[in-house]
2 protein chains.
Amino acid sequence: MADPTPSGESLLFLTDEQLRKGIEAMFFAYRGFTADPDRILETMDYGRAHHRAVHFIHRSPGTTVSNLLAILGVTKQSLNRVLRTLVDDGLVEARVGRKDKRERNLYLTAKGQELERELSDAQRARMRAAYRAAGPQAVAGFRTVLEAMMDPDQRRQYQGLKESGA
Amino acid sequence: MADPTPSGESLLFLTDEQLRKGIEAMFFAYRGFTADPDRILETMDYGRAHHRAVHFIHRSPGTTVSNLLAILGVTKQSLNRVLRTLVDDGLVEARVGRKDKRERNLYLTAKGQELERELSDAQRARMRAAYRAAGPQAVAGFRTVLEAMMDPDQRRQYQGLKESGA
DNA sequence: GAATTTACGTCAGCCTTGTTGACTTTCCAA
DNA sequence: TTGGAAAGTCAACAAGGCTGACGTAAATTC
């Protein structure tokens with residue numbers, strides 16, 4: 001992006017008040033963002049943690065447990081509890097690694113893909129509505145600011161599969 | 001297939017892939033958004049719930065308990081647990097309502113304001129850095145999309161106190 | 001003035017999802 | 001052969017959601 005004045009804040013008048021509005025916007029928007037999947041999950045025995053696992057396994061089929069740990073930023077005990085129920089319920093398959101047999105490669109089963117679709121359909125519908133209401137320029141800005149707000153490590157996780165056409 | 005990067009005039013041709021990136025951007029950015037306050041809170045006996053309470057009492061001094069319940073969207077039992085520790089620790093003062101003595105008007109004490117300052121300084125610093133890196137146009141888009149993503153009720157809470165100068 | 005409603009507080013118990021610590025099994029690689 | 005990484009498991013605990021039930025004071029309504 002072209003940044004005409006990287007020199008300082010002179011162009012961007014950032015009062016505490018404006019920043020506070022941004023902070024609250026994040027708070028309220030994130031609630032909306034999770035509201036639809038949460039409603040679906042609550043009818044089952046699952047929670048947001050299951051959603052996250054299913055999402056990232058869907059995004060990167062065959063990913064390992066440690067990989068998932070790095071992305072989700074939780075302990076293996078915490079992830080394992082969630083993963084175990086998903087495997088037991090037949091939503092996720094954990095295949096022993098071909099090259100390194102210590103690893104477990106994670107895949108969604110047909111049933112798991114069904115849940116993933118249901119959840120992401122709901123979440124995408126809201127995202128799509130917001131994008132349409134805001135317009136293309138706003139969408140670009142939205143993504144730019146969010147990216148700038150991430151921790152460097154998180155940004156790497158995010159961008160790591162940004163062009164996942166490989 | 002490769003996703004055409006939505007640049008400029010590209011009308012709202014929203015592929016699932018683009019929406020997925022938006023979803024993940026929200027996930028990773030929200031983690032960054034809460035990371036700094038979380039680090040501060042974790043050294044004390046407080047958590048994110050305390051932060052939220054302190055934030056909104058700071059924003060609306062004298063607000064009532066039911067008001068706070070509506071904004072935070074939790075049960076009174078849940079809020080009360082948090083509020084009680086804040087009052088006990090001398091961060092929040094709960095004055096009996098002057099007009100309606102059933103109500104409790106909530107205020108931050110000097111000590112409470114100190115914590116609020118510490119937390120919001122950290123959060124604002126990150127927000128400010130992201131805003132500067134992204135530029136004014138991106139910031140406007142960011143806010144527009146976030147607003148569109150909120151539930152109508154939440155949006156009302158958000159806009160309800162827009163008045164202060166902005 | 002009595003009855004009802006409202007605002008708030010609290011006790012008790014449950015769930016999800018995070019944590020730490022300790023231990024085992026498997027298996028790659030030096 | 002041995003060290004250590006990867007994964008799984010058990011146990012215990014905490015934060016912070018939730019529901020239900022109950023109590024009290026104050027306001028409102030009948």
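In what follows, every chain begins at residue 1, and chains take the letters A, B, ... in the order their sequences are listed.
Looking only at distances, a side-chain donor or acceptor of Lys21(A) sits under 3.5 Å from a matching main-chain atom of Tyr158(B).
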Decide ring pair (Phe, Tyr, Trp, His ring centres under 6.0 Å) for Phe27(A) and Phe56(B); before the verdict, give the C-alpha distance in whole Å, the side-chain angles of both, and the deciding distance to 0.1 Å. CA-CA 11 Å; Phe27(A) 172 69; Phe56(B) 284 104; 5.6 Å; yes

Residue pair Glu24(B), Gln157(A): steps toward the side-chain hydrogen bond (donor to acceptor under 3.5 Å, both in side chains) verdict: CA-CA 10 Å; Glu24(B) 294 192 7; Gln157(A) 300 286 356; over 6 Å; no

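Under the side chain to side chain contact (heavy atoms under 4.5 Å, CB included) rule, Val65(A) has a single partner from Lys76(A), Arg102(A), Glu103(A), Arg104(A), which is Arg104(A). Only one option out of Arg117(A), Arg124(A), Gln123(A) pairs with Ser120(A) in a side chain to side chain donor-acceptor pair (under 3.5 Å); it is Arg124(A).
Ion pairing between Glu17(B) and Arg20(B) holds under the 4.0 Å rule for side-chain N and carboxylate O. In summary, Asp151(B) and Arg126(A) engage in a salt bridge, as defined by a charged side-chain N under 4.0 Å from a carboxylate O.
Atom P of nucleotide dG16(D) and atom CD of Glu42(B) are separated by 12 Å, given to the nearest angstrom. Straight-line distance from the CZ atom of Arg84(A) to the P atom of dA11(D): 11 Å, rounded to whole Å. The interatomic distance linking Gln77(B) (CD) with dG20(D) (C1') rounds to 8 Å, in whole Å. Distance CE (Met44(B)) to P (dA15(D)): 15 Å, rounded to an integer number of Å. When the P atom of dC18(D) is taken as reference, atom CG of Leu72(B) falls 10 Å away, rounded to whole Å. Counting to the nearest Å, the P atom of dA5(D) and the CG atom of Asn67(A) are 18 Å from each other. dT19(D) atom P lies 14 Å from atom CG of Leu79(B), rounded to whole Å.
Nucleic acid contact class of Arg81(A) (heavy atoms, under 4.0 Å, all strands): base.
Residues Arg52(B) and Arg102(B) both approach DNA chain D. Their nearest nucleotides, taken by heavy-atom distance, put Arg52(B) toward the 5′ side. Each of Asp45(A) and Thr75(A) has a nearest nucleotide on DNA chain C; the 5'-most of these lies closest to Asp45(A).
With sequence neighbours excluded, the residues forming a side chain to side chain donor-acceptor pair (under 3.5 Å) with Arg95(A) are Glu93(A), listed by chain and number.
Across Gly97(A) and Asn105(A), no two heavy atoms sit closer than the pair CA-OD1, 3.2 Å.
You can see that DNA chain C meets the heavy atoms of chain A within a 4.0 Å-exclusive cut from dT17(C) to dC28(C), reading 5' to 3'.
Of all the residues in residues 94-101 of chain B, Lys99(B), Asp100(B), Lys101(B) reach under 4.0 Å from DNA chain D with at least one non-hydrogen atom.
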